[in-house]
Structure formats: structure tokens, C-alpha cells
Amino acid sequence: MEKSLIVIGAGPAGIEAALTAARAAARVTLIHEGPLGGRSTYASLLPSKVWLNAARPDIAPAAVQQRLQHVTAAWVDVQTRLLDDAGVTRVQGRARIAGPGMVEVDGQSKPLGADAVILASGSEPTFKAELKPDGKHVIAPRLLGKLGSLPKRVVVIGGGATGCETAYLFNTLGSAVTWLPGRSGVLAEFPRGAADTLSAALAARGVNIVGGVYATNIERSEPSATVVSDAGEQYEADLVFVATGRRADLAAQGLDALGLDLPPTLDPYGQAAPGLYLIGDATGEPFLANRALAQAYIAARHALGLPVAPYNPDTLVHAVYSQPEVAQVGRVDGAGIRCQEVPLDLALKAHLQDPAGRFALCWDTAGHITGGWVAGAHAADTLAPVVTAIATGGTLEQLGATWPANPTLGELASIAARTALSAG
């Protein structure tokens, strides 16, 4: 008997869930209020990555905007084709859960029903009232895609991945950058070795990193804005970029109709109640696209009763696409965890591009690989062998016995494993 599924939200998570279910012969309805691709495509991930890939001092913002429009249109075309080919029915409108397996859609005369509902409503940025963007001298990630000119002076507020990438971006574009990462510092969720490597590299490039303080207010006047810190220091800029966090977008989704708390408790497959799943940014931090895709695949298959392993956060790579890149995966500290650091220049490939940086491989008392981190060129890609080792229960000895293609950065995991084994 054919099963039916409703997916609410058409960002990366919603589209992946719809495709996974449709390819498994389910009848799928994808409901989305905004354009296909969601906020990730139009307001956050895609615009920032286009800017990062185009960044150079002589770039014209108009050229980047043109490139952004081209990439966005091409990516939406791909997603549209995949959904159409899979037979997914798309419904435009605001959706609200009305009860178990029931979804109301604005403009529809009666609720839609399905065997299961997957909620992929995404997230929204959070700002203190004093730091709220105005779209002119104070902007946020969602406004980066509309940047019309290059500012001479920029203040970046926020020490997470977005703050890191933005500080690097404007420095590369030739702006004088002052970065206020906040009291928690740069990349508080990353190992200090990785975060410190990135901080040192950006400082060497001329980024003024002001630690130990946080922004309390932005005074706005023509033709600039002034950021005021809790220490009373003032930083004048032509543009202030605020990246202080996000939160799951759940308030208007109708979860109260099922008597669920916000945020709801989820099982390892993303199920909040029988037949109701939450995936992607709707599940809270960390707000990562690869996490959203993994949760979408798992939830869709579980909803259809198909075999699938539960979500494993230890195999999720967290990446920052600055230069140097920074990435981590799995468990890299804690009781019983040991780590071996090696310089990137132990791999010949590093000398063919940029030899600066560090690689760390971590394992537990039984010798099983638990995680790793990289600060350097192509950091996220370099962790691929570590992800595989974690997922398969690989050991230090097994990883050390592998010999990837030479020259590649993938060799570093094996090199680190053999270094650790030789050191006892």
C-alpha cells in the first residue's frame, strides 16, 4: 500500500526529505510558503558562499550580484527538476499542523492529510534590539546578497562561523575590519588549536580582533555607524555586520495542536510524536546544511518504515569557509580521548597549495577513532577519512595501515595515525 507524506518547508532539509520519500515510492506533498530553496538559498548559505568564492580586492559588487543571480537560478532549476522527476506535488502557501497527520494550508478549503508529516521550517536570526540591522549601515547575513558597494571600514559582531567567514570576506575585499567575537571568543565550539590558528591567520592579514568585550549598542548616523562595547569603547564603521545567532522557527507551526512543548523532544530519528518529524534548523543548533540533509534522509525513511540508521552527530563535519578553513568532526576532547597533531606540511599536497596549518586525529582508550580537526586549506575535505573511520568503528591501527593517493591531503589522517602509533 502506497504511503503518503507531507513535508513542510522547501529549504535543503525539506527538499531532501521529499526526494528521499518520493524515490521510495511514497506519495509526497511539499508545502512551502516562500520560494523553492528557502532561506538557505536566498538569504544565507548560498549568497555567503558566492561572495566567499568571488572575494578579491578588485571585485565589483555588481559582478558578484550577477553571479549570485546566475547560481541561484541554476540551483533552483536543478531542485525543481529533481522534484518534478520524482513526482513530488508542490503546494505554495503557509502551512500549519492541525492535528496528527493533518496540515492546514492558507488558501486551501480543507486540511491535507498524510501518514506522516515532516516539519522543516528552518531558522531565523536573533538580535538584541540595540543591534538590530537596518539594511543601510547595519546588516545581517540575509542582506549580504544585496550589498551594492564595498565599505572602507567594517565592524563584524559575532564569533561563530558566520562571523569568521565575514571577517575574512571583508578583509579580502580590502576593507579595514574590526572584529568583535564576543566574550566567548572566536569559534568557542571548536578546539582551541583550530580556533587559535584561524585567529592568528586573520590577525596577520590585518583583521583587528578585539577580544574580551561584547557589543552593547550601535549608534546610527550619517554617513556611518558606531558600535559601542560594554567597556565603553567605540568603533566607527561604514558598515556593521551582525551575526549573533539564530533560533528554530517553530512559533507559527501549530505544534501546540499536538500538545507538544517548544522545542519538542525528539527521538534519534527526529520523531516528536507518532507520525511527526522535525528536521534541519527546526531542531535547533547546530544550524548546518549537512546536518539538515542527514536528518531529512533519516526521517523520511523512518516515516515510511524503511531501514535506516539513527542520526549520529559524531559523523557531522562542522566547517568554516574562511582562509584558512577550519573544520572538526566527532569527539575531540573529554575523558579518555587522546589526540595527535601534525603539521599540514607533512603531506606533499600541502606544499603544492598552502603548507600552513594543523591536523589533529583523536581516539579513545580502545583505540577507536573518535574525531579530528583541521585548520588549513581544504580542511573540510581533509576530514573525509576520519568521518569514514568514525562511522565504521575504525581504529588507529586500521587507519594507520591505509595509504591514500599521493599527493593528497587525505594522507594526513593516515600520517597522524602512524605518528601516534610510533609514539606509543
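Starting from 1, each residue takes its place in the sequence as its number.
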**Donor on one side chain, acceptor on other, T226 and E236, under 3.5 Å** = no
**Prompt:** Are any of the side-chain nitrogens in D134 or K136 under 4.0 Å away from the carboxylate oxygens of its partner?
**Reply:** no
**Inter-residue atom distance L409.CG - D381.CG, 0.5 Å rounding** = 8.5 Å
**Request:** Drop me the distance from N290's CG to L316's CG, to the nearest 0.5 angstrom.
**Result:** 4.5 Å
**Atom of G270, atom of L266 and distance for their closest heavy-atom approach** = O-CD2, 3.7 Å
**Item:** Reference residue V387; test side-chain contact (heavy atoms from CB on, under 4.5 Å); the match among D314, T392, V329
**Value:** V329
**Item:** Y168: which of V207, V156, L52, V320 passes side-chain contact (heavy atoms from CB on, under 4.5 Å)
**Value:** L52
**Prompt:** What distance separates I298 CD1 from Y269 OH, expressed to the nearest 0.5 Å?
**Reply:** 8.5 Å
**Asked** Just how far is it from atom CD of Q271 to atom OH of Y277, taken to the nearest 0.5 Å?
**Response** 3.5 Å
**Residue pair R246 / S44, side-chain donor-acceptor N/O under 3.5 Å** = no
**Complete:** Rounded to the nearest 0.5 angstrom, the CD-CG distance for Q253 and L276 is 10.5 Å
**Asked** Are any non-hydrogen side-chain atoms of Q328 and P191 less than 4.5 angstrom apart?
**Response** yes
**Message:** Looking at D238 and R153, is any side-chain nitrogen of the basic one under 4.0 Å from a carboxylate oxygen of the acidic one?
**Reply:** yes
**Prompt:** Would you say the side chains of E233 and Y235 form a donor-acceptor pair under 3.5 Å?
**Reply:** yes
**Prompt:** Hey, is R247 close enough to E124 for a salt bridge, meaning N to O under 4.0 Å?
**Reply:** yes
**Message:** If the test is salt bridge (charged side-chain N to carboxylate O under 4.0 Å, His left out), which one of R96, R94, R90 qualifies with E33?
**Reply:** R94
**Item:** Short N-O contact, R291 and E285, less than 4.0 angstrom
**Value:** no
